[in-house]
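Written out below as structure tokens is the structure these notes cover.
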Amino acid sequence: MKKLYSFLTLFLSIALLFGCSSDDDNTNTVPTVDFDVAIGSYTLRSITNTAGQAVTGSGTLTLKRENGNTAGFTYAVTLKNGTSTSNVNITNTYTVSVSGTKISFGTDHYYQSGALYASIPTGSGIYTAVFTK
């Protein structure tokens, strides 16, 4: 009788253990991206050329939500290289992704810690710009 009681206790323990396992299918779902924190108007704070040297310039960037999980950029930047000035006016739309605290817009624009980092193509190469609100 003691063996039967031990066997039943073991059987019930195993049944309870399997019965308590999670059937939650939400463990592998990706959270909805909410990139509204990055939406708004920005001012150019710094810009570097392809060699990593600081360049004098001014500019603005506007980021707005497009359809669904996409964002549209419009920026106008004026670069001053010696005596020449080049204006860059570009509008692009990007699909948004989030990794930790970094919100990425495509592969060449991202928002992190209150600043928006953007690659700006010009006739003399791709410049790296930092914009803040």
Hey, what do you get for [atom1] ([X]) to [atom2] ([Y]), rounding to the nearest 0.5 Å?
X: His109; Y: Ser104; atom1: NE2; atom2: OG; result: 11.5 Å
X: Leu61; Y: Ile120; atom1: CG; atom2: CD1; result: 7.5 Å
X: Ile126; Y: Thr128; atom1: CD1; atom2: OG1; result: 8.5 Å

Hey, does [Y] have a side-chain heavy atom less than 4.5 Å from the side chain of [X]?
X: Arg45; Y: Phe131; value: no
X: Thr107; Y: Tyr94; value: no
X: Ile103; Y: Val37; value: yes

*Do we get Arg65 above Phe35's six-membered ring, with its NZ or CZ under 6.0 Å from the centre and within 45° of the axis?*
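Here Arg65 passes the 6.0 Å and 45° test against Phe35.
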*Can you check whether Phe73's main-chain N or O pairs, donor with acceptor, with Asn92's side chain at less than 3.5 Å?*
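The answer is no, because no donor-acceptor pair under 3.5 Å joins these two groups.
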_Take a 6.0 Å sphere around CG of Asn67 and say whether it holds more than 12 heavy atoms from other residues, nucleotides or ligands._
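It does not: Asn67 CG has 12 such atoms or fewer within range.
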*asked:* Surrounding NZ of Lys64 (heavy atoms of other residues, nucleotides or ligands, distance under 6.0 Å), is the total greater than 12?
replied: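 Counting other residues, nucleotides and ligands, NZ of Lys64 stays at 12 neighbours or fewer.
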_Do Ile39 and Phe105 sit in one hydrophobic cluster, given that two such residues count as connected whenever their side-chain heavy atoms are within less than 4.5 Å of each other, even indirectly?_
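Linked, Ile39 and Phe105 end up in one cluster.
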Can I get a per-line list of side-chain donor-acceptor pairs under 3.5 Å for residues 110-119, giving both atom names and the distance, sequence neighbours left out?
| unit_1 | atom_1 | unit_2 | atom_2 | d |
| --- | --- | --- | --- | --- |
| Gln112 | NE2 | Thr101 | OG1 | 3.1 |
| Ser119 | OG | Asp108 | O | 3.4 |

*Which heavy atom in Val55 sits nearest to a heavy atom in Thr48, and how many Å separate them?*
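Heavy-atom minimum between the residues: CG2-C, 4.3 Å.
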*Closest approach of Ala71 and Leu63, non-hydrogen atoms and distance?*
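Nearest heavy atoms, Ala71 then Leu63: CB-CD1, 3.5 Å.
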*Pairs meeting criterion side-chain hydrogen bond (donor to acceptor under 3.5 Å, both in side chains) with involvement of residues 54-63, two or more places apart*: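 Listed by first then second residue: nothing to list.
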*Return the set of residues passing side chain to side chain contact (heavy atoms under 4.5 Å, CB included) with Ala54 (not counting sequence neighbours), or none when no residue passes.*
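Ala54 satisfies side chain to side chain contact (heavy atoms under 4.5 Å, CB included) with no other residue.
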